[in-house]
Enquirer: 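Have a look at this one.
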Amino acid sequence: MTVRVRFAPSPTGALHIGGARTALFNWLFARKLGGKFILRIEDTDQQRSTLEANRAIFHGLEWLGLDWDEGPNVDGPLGPYYQTERLEIHQKHIDQLLKEGKAYYCFCSPEELEKKRQEAAARKEAPRYDGTCRKLAEAEIKQLAESGKRKVVRFLLPPTGDTIVSDLIRGEVVFKNELLDDFVIQKSDGFPTYNFACVIDDHTMEITHVIRGDDHLSNTPRQILLYLAFGWQPPKFAHIPMILGKDKARLSKRHGATSVIAYSDIGYLPEAVLNYIARLGWAHGDQEIFSREELIEKFSLKGVSKSSAIFDTDKLNWLNGKYIREILPERLIDLCEPLLIEAYGNHDLEYIKKVVLAFHDRLTLIPEIVPLSKFFFTDDFEYDQKALEKHFKTVNAKKIMETLKERLAKVEPFTKDKIEPVFKGLAQEMDLKLGMIIHPCRLALTGTLQSPPMYDVVEILGKKKVEERIERAIASL
RNA sequence: GGCCCCAUCGUCUAGUGGUUAGGACAUCGGCUUUUCAAGCCGACGGCCGGGGUUCGACUCCCCGUGGGGCUACCA
């Protein structure tokens, strides 16, 4: 039997980091085993589901390169792939349970239930549904229904016994049926609840492995009971650990960027994010860097850990820097160019390319190039105060700069291999350490003490700018 | 409250009864260099606590503690 897994987000917000990792593990599992990766949108919450969130989820998955074999926009034999388009299927199964006496109508209002819950809590009892409507007679049901009273459908649970979840990551987890209550499977708006729709859809879509967040483990016995009620074979389950924020609380907006797309906006590369989240809760020996192909090759549920993981931006940053250093120059240029144009207006593309390449090795996040390269695009910069004290207020600073200016004026063509000897020759003639020339020069040209290698900067800036800036420096000496 | 899951450096993790408990990020130091990064080398730093089991426990069992989850007409 071929493996079929699914990622089943609800479109109530952007694709967040946790969801992305769940999607990734499912995707890797399918790709590794030559199975199918299915995307199903669980949009049965009419209040919270939005079209925008739906698009955001696609966008996030696409950015990470997690393509689905069946799902929205990719027809498959077992669709549709929006849960709300499967309502007849759900209804049919609701009816079946009702008919078989495995489910029943409940007319208790939310207010009544809430009141009972509070009372139970006050008595320090578990807030479980008390089964009021379980014993309703046929005639009563009919009458209540005809009176237009809102109703839900509840699943009738076996009152005793154990339900065992056989989890691929956690082993066997035993739940006592008596601790569960008759949960709602169809809401008063006629929509199925999560636990029900999930089971019906997973079964009818022939899902073989349910790989999902740890937060669903406690829901699993309810779902298994449903499978059993239908006489179905449950899929295999694998509950992966959650991702937490620095404060060990579940990752949320409070922790800053949580949506995958936010990471794109901040300047992370999709391969870095992919690599990072793959390693959150999963390991393959000591290896840290994995290409997409390696991930597919090496992924296994056996490597998934049981404990939750804290999201560590520092490590993500390190990975991102590593990936940036490895990407093709053309790609880096494509990434940086719009940011530079936005910040500094239009400039010659060739010039922009040279600037970008000068910073290729020194970026952790793409947008860092904007402030770092400021001096390449504007004369409007101040000298760093401390640097000024150190490198401009030396006895022969003026002499050095004047001589440097004269010499550079004669360089032709103005390329770094012609520029370098000027600096070195000058140092030798004046019996100075090279730094004595380079430091003030860097300060004159960039206003700072940090820049790409000096000769590169001089060349890229060009003869005219270099002269102007050295003059400006001399004037301030 | 009840039930469930989890527990190795600050963080991500390797480990599967006998190891100097390994790697990575971060931090700190050194080297290199025209600066800053990068890179290389090194340092710091960990088996949550208590009981068992065993010749021997990070590893197995129990209890505690801590963290997380579920307990919705959310998913």
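Proteins come first, then strands; the chains are lettered A, B, ... in the order of their sequence lines, and each starts at number 1. Just so you know, these numbers use all the heavy atoms, side chains as well, and skip hydrogens, waters and symmetry mates.
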Enquirer: Heavy atoms under 4.0 Å, any strand shown: does Thr193(A) hit a base, just sugar-phosphate, or nothing?
Expert: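 Result for Thr193(A) = sugar-phosphate.
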Enquirer: I need a per-nucleotide contact map over nucleotides 42-47 of chain B, read 5' to 3'. Cutoff is protein heavy atoms under 4.0 Å; write B for the base, S for backbone only, - otherwise.
Expert: ------
Enquirer: Lys92(A): which residues meet the side-chain contact (heavy atoms from CB on, under 4.5 Å) condition with it, sequence neighbours left out?
Expert: none
Enquirer: List in chain and number order the residues that pass side-chain contact (heavy atoms from CB on, under 4.5 Å) with Leu87(A), two or more places apart in sequence or in another chain; answer none if no residue qualifies.
Expert: His90(A), Phe191(A), Pro192(A)
Enquirer: At under 4.0 Å between heavy atoms, what does Arg212(A) touch on the DNA or RNA strands: base, sugar-phosphate, or nothing?
Expert: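 Nothing, no nucleic acid heavy atom in range.
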Enquirer: Who does A75(B) pair with, Watson-Crick or G-U, both distances under 3.5 Å?
Expert: none
Enquirer: So, using ring-ring contact (aromatic ring centres under 6.0 Å, His included) as the criterion, who are the partners of Tyr383(A) when residues are at least two apart?
Expert: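 Scan of Tyr383(A) (ring-ring contact (aromatic ring centres under 6.0 Å, His included), adjacent residues dropped) gives Phe392(A).
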Enquirer: Which residues pass the side-chain contact (heavy atoms from CB on, under 4.5 Å) test with Ser373(A), not counting sequence neighbours?
Expert: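 Partners of Ser373(A) by the side-chain contact (heavy atoms from CB on, under 4.5 Å) criterion, ordered by chain and then number, come out as Leu340(A), Tyr344(A), Val355(A), Phe359(A), Ile369(A), Phe376(A), Phe377(A).
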Enquirer: Can you check the distance between U16(B) and A21(B), where both ends of the measurement are the P atom (answer in whole Å)?
Expert: 14 Å
Enquirer: Can you give one letter per nucleotide of nucleotides 4-11 of chain B, 5' to 3': B if a protein heavy atom sits under 4.0 Å from the base, S if only from the sugar-phosphate, - if neither?
Expert: SSSS---S
Enquirer: Under 3.5 Å, is there a donor-acceptor pair between the Asp43(A) and Thr84(A) side chains?
Expert: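 Per modelled atom types, Asp43(A) and Thr84(A) side chains form a pair under 3.5 Å.
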Enquirer: Report which part of the nucleic acid Asn219(A) touches: base, sugar-phosphate, or nothing (heavy-atom distance under 4.0 Å, all strands).
Expert: base
Enquirer: Please work out if Pro452(A) contacts a base, only the sugar-phosphate, or nothing of the nucleic acid, heavy-atom cut-off 4.0 Å.
Expert: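 Base: the residue Pro452(A), judged by heavy atoms under 4.0 Å, touches a nucleobase.
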Enquirer: Grab the CG-C1' distance between Asn317(A) and C12(B) for me, whole Å please.
Expert: 14 Å
Enquirer: Could you give the distance separating U53(B) and C9(B) at their C1' atoms, to the nearest angstrom?
Expert: 29 Å
Enquirer: Could you check whether Thr44(A) gets within reach of a base, just the sugar-phosphate, or nothing at all, counting any heavy atom under 4.0 Å?
Expert: sugar-phosphate
Enquirer: Under 4.0 Å: is that the gap between some side-chain N or O of Lys187(A) and OP1 or OP2 of A75(B)?
Expert: yes
Enquirer: Atom CG of Leu251(A) and atom P of G69(B): how far apart are they, to the nearest Å?
Expert: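 Atom CG in Leu251(A) sits about 12 Å away from atom P in G69(B).
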Enquirer: Rounded to whole angstrom units, what separation is found between the CZ atom of Phe290(A) and the P atom of A14(B)?
Expert: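 It works out to 11 Å between those atoms.
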Enquirer: By the 4.0 Å heavy-atom rule, please label Leu449(A) as base, sugar-phosphate, or nothing.
Expert: base
Enquirer: Tell me yes or no: between the side chains of Asn177(A) and Thr163(A), is some donor less than 3.5 Å from an acceptor?
Expert: yes
Enquirer: Taking only residues at least two apart or on different chains, which pairs with a member in residues 268-291 of chain A satisfy salt bridge (charged side-chain N to carboxylate O under 4.0 Å, His left out)?
Expert: Glu271(A)-Arg331(A), Arg279(A)-Glu288(A), Glu288(A)-Lys315(A)
Enquirer: Please list, pair by pair, any protein nitrogen or oxygen found under 3.5 Å from a nitrogen or oxygen in nucleotides 38-41 of chain B.
Expert:
from   : atom 1 : to        : atom 2 : distance (Å)
A38(B) : O3'    : Arg325(A) : NH1    : 3.2
G39(B) : OP1    : Lys322(A) : NZ     : 3.4

Enquirer: Considering only atom C1', compute the distance from C41(B) to C4(B) and round it to an integer number of Å.
Expert: 48 Å
Enquirer: Of the candidate nucleotides U34(B), G23(B), C3(B), which contains the atom at the shortest distance from the side chain of Leu179(A)?
Expert: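 The listed nucleotide nearest to Leu179(A)'s side chain is C3(B).
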Enquirer: Looking at every strand, decide which applies to Arg250(A) at a 4.0 Å heavy-atom threshold: base, sugar-phosphate, or nothing.
Expert: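 Arg250(A): backbone/sugar contact only, no base atoms under 4.0 Å.
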Enquirer: I need the CZ-P distance between Phe375(A) and U35(B), as an integer number of Å.
Expert: 16 Å
Enquirer: Just to be sure I understand the rule, does Glu42(A) reach a base, reach only the sugar-phosphate, or reach nothing, if contact means heavy atoms closer than 4.0 Å?
Expert: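 Sugar-phosphate, backbone atoms only, no base.
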Enquirer: Just call it for His216(A): base, sugar-phosphate, or nothing, with non-hydrogen atoms closer than 4.0 Å on any strand.
Expert: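 Contact class for His216(A): base.
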Enquirer: Considering only heavy atoms and no angle criterion, is a donor-acceptor pair shorter than 3.5 Å present between the side chain of Gln287(A) and the base of G23(B)?
Expert: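 Donor-acceptor pair under 3.5 Å: no.
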Enquirer: Tell which nucleotide pairs with C40(B), taking only Watson-Crick or G-U wobble pairs whose two distances are both under 3.5 angstrom.
Expert: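 Across all strands, the one nucleotide that pairs with C40(B) is G30(B).
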Enquirer: For Phe107(A) and C73(B), give me the distance from atom CZ to atom P, rounded to whole Å.
Expert: 16 Å
Enquirer: Regarding Thr446(A), tell me which of base, sugar-phosphate or nothing describes its non-hydrogen contacts under 4.0 Å with the strands shown.
Expert: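 Nothing: the residue Thr446(A), judged by heavy atoms under 4.0 Å, touches no strand.
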Enquirer: If you apply the rule ring pair (Phe, Tyr, Trp, His ring centres under 6.0 Å), what do you find for His216(A) with Tyr194(A), and how did you get there?
Expert: CA-CA 11 Å; His216(A) 289 291; Tyr194(A) 163 72; 5.2 Å; yes
Enquirer: For a quick check of understanding: with a heavy-atom distance under 4.0 Å over all strands, which category does Gly281(A) fall into, base, sugar-phosphate or nothing?
Expert: sugar-phosphate
Enquirer: Using the test ring-ring contact (aromatic ring centres under 6.0 Å, His included), find all partners of Phe311(A) that sit at least two apart in sequence or belong to another chain.
Expert: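 Applying ring-ring contact (aromatic ring centres under 6.0 Å, His included) to Phe311(A) gives Tyr263(A), Tyr276(A).
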Enquirer: Can you tell me, in whole Å, how much space there is between the C1' of G45(B) and that of U65(B)?
Expert: 23 Å
Enquirer: What residues, two or more places apart in sequence or in another chain, satisfy ring-ring contact (aromatic ring centres under 6.0 Å, His included) together with His255(A)?
Expert: none
Enquirer: Checking His439(A) now: which residues fulfil ring-ring contact (aromatic ring centres under 6.0 Å, His included) with it, not counting sequence neighbours?
Expert: His391(A)
Enquirer: Sort and list the pairs that fulfil side chain to side chain donor-acceptor pair (under 3.5 Å) and have at least one residue in residues 112-121 of chain A, not counting sequence neighbours.
Expert: Ser109(A)-Glu112(A), Glu114(A)-Arg117(A), Glu114(A)-Gln118(A), Lys116(A)-Asp130(A), Lys116(A)-Thr132(A)
Enquirer: Pairing donors with acceptors under 3.5 angstrom, does anything connect the side chains of His360(A) and Arg325(A)?
Expert: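 Result is no, nothing qualifies.
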